[in-house]
Engineer: 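I am attaching a structure below and will ask some questions about it afterwards.
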2 protein chains.
Amino acid sequence: MADVKIQNMNPQTIKVACSNCNLRELCMPLGLSAEEIDRLDDMVANRRKIKRGTALFRNGEKFNSLYAIRTGFFKTCVASEDGRDQVTGFQMAGEIIGLDGIVNDHHTCDAVALEDAEVCVMPFDRIEDLSREINGLQRHVHKIMSREIVREHGVMLLLGSMRAEERLAAFLLNLVQRLHARGFSQSELILRMTREEIGSYLGLKLETVSRTFSKFVEDGIVEVKQRHVRILDTEALSRLVNHQNECH
Amino acid sequence: MADVKIQNMNPQTIKVACSNCNLRELCMPLGLSAEEIDRLDDMVANRRKIKRGTALFRNGEKFNSLYAIRTGFFKTCVASEDGRDQVTGFQMAGEIIGLDGIVNDHHTCDAVALEDAEVCVMPFDRIEDLSREINGLQRHVHKIMSREIVREHGVMLLLGSMRAEERLAAFLLNLVQRLHARGFSQSELILRMTREEIGSYLGLKLETVSRTFSKFVEDGIVEVKQRHVRILDTEALSRLVNHQNECH
DNA sequence: ATTCCGCCTTGATGTGCATCAAATACTGGT
DNA sequence: ACCAGTATTTGATGCACATCAAGGCGGAAT
């Protein structure tokens with residue numbers, strides 16, 4: 001008993017365990033038994049800190065691991081051969097990145113930290129080994145990948161058929177909803193990305209993003225002070241996303 | 001020896017086996033041993049024929065199985081609450097559809113046959129059972145999902161940053177490349193979808209798709225007679241996709 | 001062969017967003 | 001606290017694509 005106490009008081013020991021991680025409701029351990037979660041700790045090879053502005057991995061690098069975000073905020077982006085690039089997503093604590101690398105053993109996008117971040121490194125072959133033994137983990141890995149596919153369907157709908165205001169409204173609602181699931185405010189958020197990065201994600205130019213923010217402010221839907229955004233009228237944003245084109 | 005011969009001559013016996021399927025280089029059995037492929041036959045519950053214009057599954061339906069396309073051609077599309085819809089992909093023989101359903105146990109898109117089609121129905125729990133035993137299958141399932149994620153990244157790049165001509169060029173090149181991998185011509189193809197469906201996929205209106213085809217014809221890049229397309233200058237299409245914006 | 005209907009093409013016009021440009025606000029480093 | 005560089009806002013203008021409209025083609029049913 002005394003031994004256990006001493007071990008637990010060692011901050012190193014506490015920190016590396018999935019069972020003690022405050023993201024366990026959002027991250028890989030979702031839906032597993034306490035016993036199974038303990039086994040997940042073997043899956044996490046180590047932690048890695050990523051400085052703001054630097055890459056966790058880059059297009060072309062060998063794929064070895066998936067990464068669970070512990071803290072911080074990332075963007076992922078792909079580049080075409082002629083140098084254009086496209087932000088494909090923004091990821092926050094509890095989310096998994098690196099799935100793009102599985103198919104060809106090499107990453108096909110960049111993952112860049114938008115603020116200082118820390119990730120759990122999970123070697124993919126260990127994930128595969130363990131998910132052969134723990135059915136719940138196998139299912140969970142499948143769900144994570146399927147969720148990413150479904151999310152991207154939503155982005156395709158946005159990029160293919162929505163207008164600027166609808167895109168930005170959908171973007172803001174999605175961000176606050178995910179932040180809220182992590183215990184943050186439903187109505188207030190700090191953007192970790194530039195207008196240009198938002199624009200890239202939404203298929204708009206940065207000026208259009210800026211103008212659309214200004215429009216929302218005029219309409220009393222949000223307050224914007226640089227990257228600090230307060231949503232005053234969530235309903236109005238929802239209406240923009242869902243009912244914009246009903247008049248046709 | 002005589003017995004084997006007789007069995008093989010029974011057309012039923014031949015047809016249901018993955019080991020005899022002429023898509024085995026493209027479909028689930030990819031990279032498995034002969035012995036493992038035999039076991040996959042247990043995975044395929046049955047076949048299902050889908051008439052042109054009807055759905056294999058629809059948004060909201062319970063998810064049970066993945067489907068391997070044996071013959072025919074599908075589109076998948078998502079719908080927003082206000083009725084717009086977006087084609088998220090076109091699928092052909094050897095490709096797997098239904099991955100969207102895993103995450104919530106319900107499908108989130110429609111899969112509609114664009115010509116009479118036949119699919120192998122693979123109950124997902126059997127896939128999970130079997131992929132716990134056959135490492136190569138587990139890896140393959142992961143790769144299929146990762147491939148879909150990467151494909152969608154490409155579509156996001158297309159929708160977010162390309163102009164009409166580039167989008168259509170990329171679309172045509174992608175289609176012929178996949179058809180070529182199935183033994184069809186590198187330069188000739190028959191479109192199974194309408195201009196409107198192409199437009200939905202590419203984030204364009206059908207008139208723009210039509211005009212862009214006409215432009216390609218004027219430029220001597222393709223010949224178009226309704227849905228029959230012959231590519232005269234693949235290089236020109238590639239240049240459109242890759243170098244369009246270099247002048248900037 | 002004729003008719004119908006969905007699909008496609010083409011033209012005229014409009015508009016939402018991009019582009020170009022310039023001023024201002026903010027951030028990080030020293 | 002100051003400075004340099006970056007991010008943001010806002011205005012003026014242009015263009016790519018959407019929208020509206022009309023006519024033509026072709027396949028399926030009779």
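We name chains A, B, ... by the order of the sequence lines, and we start the count at 1 in each one.
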Engineer: Going 5' to 3' along nucleotides 2-11 of chain D, which nucleotides have protein heavy atoms under 4.0 Å from the base (write B), which only from the sugar-phosphate (write S), and which from neither (write -)?
Structural biologist: -----SSBBB
Engineer: Any idea how Phe63(B) and His107(B) line up, ring-wise: parallel (<30°), tilted (30 to 60°), or perpendicular (>60°)?
Structural biologist: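 Geometry flag for His107(B) against Phe63(B): perpendicular rings.
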Engineer: Within this structure, what is the CZ-to-P distance between Phe216(B) and dT9(C), rounded to whole angstrom?
Structural biologist: 13 Å
Engineer: Indicate yes or no for a side-chain donor-acceptor contact from Gln86(A) to the backbone of Ser200(A) under 3.5 Å, with no hydrogens or angles considered.
Structural biologist: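 At least one qualifying donor-acceptor pair exists.
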Engineer: Expressed as a whole number of angstroms, how long is the span from Leu191(B):CG to dC7(C):P?
Structural biologist: 14 Å
Engineer: From CD of Glu166(A) over to P of dG16(C), roughly how many Å is that when rounded to an integer?
Structural biologist: 12 Å
Engineer: Answer yes if the ring centres of Phe90(A) and Tyr201(A) are under 6.0 angstrom apart, and no otherwise.
Structural biologist: yes
Engineer: If I take atom CD in residue Glu218(B) and atom C1' in nucleotide dT10(C), what distance separates them, rounded to the nearest angstrom?
Structural biologist: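 It works out to 11 Å between those atoms.
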Engineer: From CG of Leu204(B) over to C1' of dG16(C), roughly how many Å is that when rounded to an integer?
Structural biologist: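 Going from Leu204(B) (CG) to dG16(C) (C1'), I get 15 Å.
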Engineer: Taking NZ, NE, NH1 and NH2 as the nitrogens, is one of them in Glu197(A) or Lys75(A) under 4.0 Å from a carboxylate oxygen of the other?
Structural biologist: yes
Engineer: Rounded to whole angstroms, how far apart are CE on Met162(A) and C1' on dC17(C)?
Structural biologist: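 Rounding to the nearest Å, CE of Met162(A) and C1' of dC17(C) are 17 Å apart.
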Engineer: Give the minimum heavy-atom separation between Asp85(B) and Val78(B), together with the two atoms involved.
Structural biologist: CB-O, 3.0 Å
Engineer: Within the 4.0 Å heavy-atom criterion, would you say Gly203(A) contacts the bases, only the backbone, or no part of the nucleic acid?
Structural biologist: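 Sugar-phosphate, no base atom in range.
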Engineer: Starting at the 5' end of DNA chain C and moving along, which residue's nearest nucleotide shows up first, Lys225(A) or Arg167(A)?
Structural biologist: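 Comparing both residues, the 5'-ward one is Arg167(A).
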Engineer: Using whole Å, report how far NE2 of His228(A) lies from C1' of dA25(C).
Structural biologist: 17 Å
Engineer: Below 4.0 angstrom, N of the basic side chain to O of the carboxylate: do Glu235(B) and Arg239(B) qualify?
Structural biologist: yes
Engineer: Whole Å only: how far is the NZ atom of Lys205(A) from the P atom of dC17(C)?
Structural biologist: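 Roughly 14 Å, once rounded to whole Å.
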